[in-house]
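See below for the structure under consideration.
Letters A, B, ... are given to chains in the order of the sequence lines, protein chains preceding strands, and every chain is numbered from 1.
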Amino acid sequence: MGEEAIIKKFMYVNRKSPYGTIYALESLEVVLISAAFDQDVSLTFTDDGVYQLMKNQKTEGIGMKNFSSTYSALGDYEIKKIYIDKESLEERGLSISDLQELVWEDEDEDYAEKSSINLVSRDELSEIMNQQDIVMSF
Amino acid sequence: MGEEAIIKKFMYVNRKSPYGTIYALESLEVVLISAAFDQDVSLTFTDDGVYQLMKNQKTEGIGMKNFSSTYSALGDYEIKKIYIDKESLEERGLSISDLQELVWEDEDEDYAEKSSINLVSRDELSEIMNQQDIVMSF
Amino acid sequence: MSMLHTVNKSPFENSSISSCLAMCTNDSSVLFIEDGVISVMKSTKFSDLIMDSLSKYKIYALKPDLEARGLSLDNVIDGVEIVGYDEFVDLTTEHDSVQSWL
Amino acid sequence: MSMLHTVNKSPFENSSISSCLAMCTNDSSVLFIEDGVISVMKSTKFSDLIMDSLSKYKIYALKPDLEARGLSLDNVIDGVEIVGYDEFVDLTTEHDSVQSWL
Amino acid sequence: MKLGILINEGPYQHQASDTALQFVKSAIKKGHEIYRVFFYNDGVNNATRFATPPQDDRNITKEWSALAIEHNIDMVVCVAAAQRRGILDKGEAERNGKDSDNIEEGFRISGLGQLVEAGIQADRLITFGD
Amino acid sequence: MKLGILINEGPYQHQASDTALQFVKSAIKKGHEIYRVFFYNDGVNNATRFATPPQDDRNITKEWSALAIEHNIDMVVCVAAAQRRGILDKGEAERNGKDSDNIEEGFRISGLGQLVEAGIQADRLITFGD
């Protein structure tokens, strides 16, 4: 039997604020590794997970490493499906402009920068989540 | 300077269900040790902590040690101030009869068995908590 | 596709139950395990939420976790199915994927 | 006696904030640290709860935890005092005891 | 079916590892194959052979180890998470200049790719955590 | 004032130990005495010298150790909690038949009574956990 190319839909669900726990950071580490496997990868930020993408994180005071700039590298890793739960933003008094912009370069269109971010309702997110083969929640 | 006998009011606050996390068990271990120090010790069960005292705990299925019988030894350790938050019981559809009876023996009254349990409102509990020197919450 | 959702936190302490229910679809099932089993008891602040959900999703609770916490099986909300670890495995394989609400 | 209460969890995830506020008395202070600092932001589902509490208790939030999470100090609810670790130590010694709502 | 298991919390503090153990035992009994058990986050702490819980309590690490050896289960501890938390095999101990390792028999240390691979190769991936 | 510190979570997974470190540094700077730092529950995992976090990240165990040595702070790891989780000093390793210990310099293993004593002797006891 030869090598079969299995391509699965992987969704990483981020539901926690960064720094209070390590889940945001160690989730991101899995996501980056997963890029090497040619799978259909998406990331969801919902509940307190939306805080992971806040601009202007400054961690000198708490003595921890600021890993927020790593999210902007996701596009370079061909990870360009980022779902953000609109209701989670609203409950927190946040808007999309409070979050980092995440982009990827489209080779087919002369490396045009395109946004990776999809602002979705819970109903839409529920539908997308339901189509996944693997959901990992951190 | 000689040995001063410091007697402080210690309150151990139990707010978590047993078995899902270790806090209930390791809290109880501190409480039992504290009995050796001749301090003014009390225990509070509030929020999901009230589940710690449920009767009929059977842990064979989850493969963990059932430590619920240890609470009944508190009286022997002279720990006889147990506060149970009435509102926490009510929200959970529980009544005091769902919980273990905890008693102590009064040496001064021919070892009469007396209840250690005080069912208190949140206002009463708040007042009692506020008089403590040391509050440890698990 | 059908999805099995597991919830392992007390609804009194943690909001994962509502995050989970917001993501469920018609072919979803919800399995309460560990401290999550508190959710399926009658006469609590959350009983109505579970009863409403029963018309939409299948709801299960892990028996060994109920027993460990002294929660009487008689007081489990009618319609919630009480299962063991073997059925937990079956639920996993019968659904297309599993999402753990941690 | 006066008591300092610390809350380190997000109000969106965990109910410790309401347990804490139910136990506060007139001479209590509440300090939000770690993920708890989310509680003191304007325009959230929990802002009203904090604003109501401000008339009864002193409320503090730890600046380094706000900054780490990119939460703008300008969006902190008026009346909440923003403090550093040094003031955290002062609050500890100025109150008679400390209760951590974990 | 082939099942992949992800464990994100250490032993004792949370029930996660206990529940996973019971789940895996049932799955084996029912004839399923455990493709891999992957230990991540504080889950790596399940792998220390230095633990000595009270005699009347369970020894979670020993239970995993015995199960893995009996049923030939691949149990992988994430190297990056293990380094942060002080779980070492012989090779890791040497590379990091530590004087001993502390990993129990039946566990091996490897990269996060093993988790993604489990997601790809197994029919289901089930996460146990806090 | 004399301050007692209780830490109930391990390093990295939760912010508890980081916050406690910053608090203790501030307290020392302001002239307070740290009567004792007591590590309980998963907090005992702060004491392992086997950890090697990434070079661009903090090493929480080393920070505690350096602080304790510089300021002569008594850092006590609960023996029962440590046994469950595999944290050993030389004596514990010998008593439990383990081939090595893994405790960092500056930490010592002792009983829970040391926590109660800290509550009695210190002017304030502050808990950091999850």
Checklist entry - Has Lys42(C) got more than 12 heavy atoms of other residues, nucleotides or ligands less than 6.0 Å from its NZ? => result yes
Anything under 3.5 Å between chain C and chain E that's a donor-acceptor pair? List each one with its distance, please.
from      : atom 1 : to        : atom 2 : distance (Å)
Asn8(C)   : ND2    : Gly129(E) : O      : 3.0
Lys9(C)   : NZ     : Asp130(E) : O      : 3.0
Glu34(C)  : OE2    : Thr19(E)  : OG1    : 2.5
Asp65(C)  : OD1    : Gln15(E)  : NE2    : 2.8
Arg69(C)  : NH2    : Gln15(E)  : OE1    : 2.8
Asp86(C)  : OD1    : Ser26(E)  : OG     : 2.6
Asp86(C)  : OD1    : Lys29(E)  : NZ     : 3.2
Asp86(C)  : OD2    : Lys29(E)  : NZ     : 3.2
Asp90(C)  : OD1    : Lys30(E)  : NZ     : 3.2
Asp90(C)  : OD2    : Lys30(E)  : NZ     : 3.4
Thr92(C)  : O      : Arg124(E) : NE     : 3.0
Thr93(C)  : O      : Arg124(E) : NH2    : 3.1
His95(C)  : O      : Arg124(E) : NE     : 2.6
His95(C)  : O      : Arg124(E) : NH2    : 2.8
Ser100(C) : OG     : Thr127(E) : O      : 2.8

Next on the checklist: Per the salt bridge (Lys or Arg N to Asp or Glu O under 4.0 Å) rule, what does the pair list look like for residues 43-54 of chain C, sequence neighbours excluded?
Outcome noted: Glu91(B)-Lys45(C)
Checklist entry - Does anything in residues 30-54 of chain C pair up under ring-ring contact (aromatic ring centres under 6.0 Å, His included), and if so which pairs, sequence neighbours excluded? => result Phe12(C)-Phe46(C)
Item to check | Which of Val98(C), Val89(C), Ile33(C) touches chain E most, by non-hydrogen pairs under 4.5 Å | outcome: Val89(C)
Item to check | Which portion of Leu6(E) sits near chain C, non-hydrogen atoms under 4.5 angstrom | outcome: neither
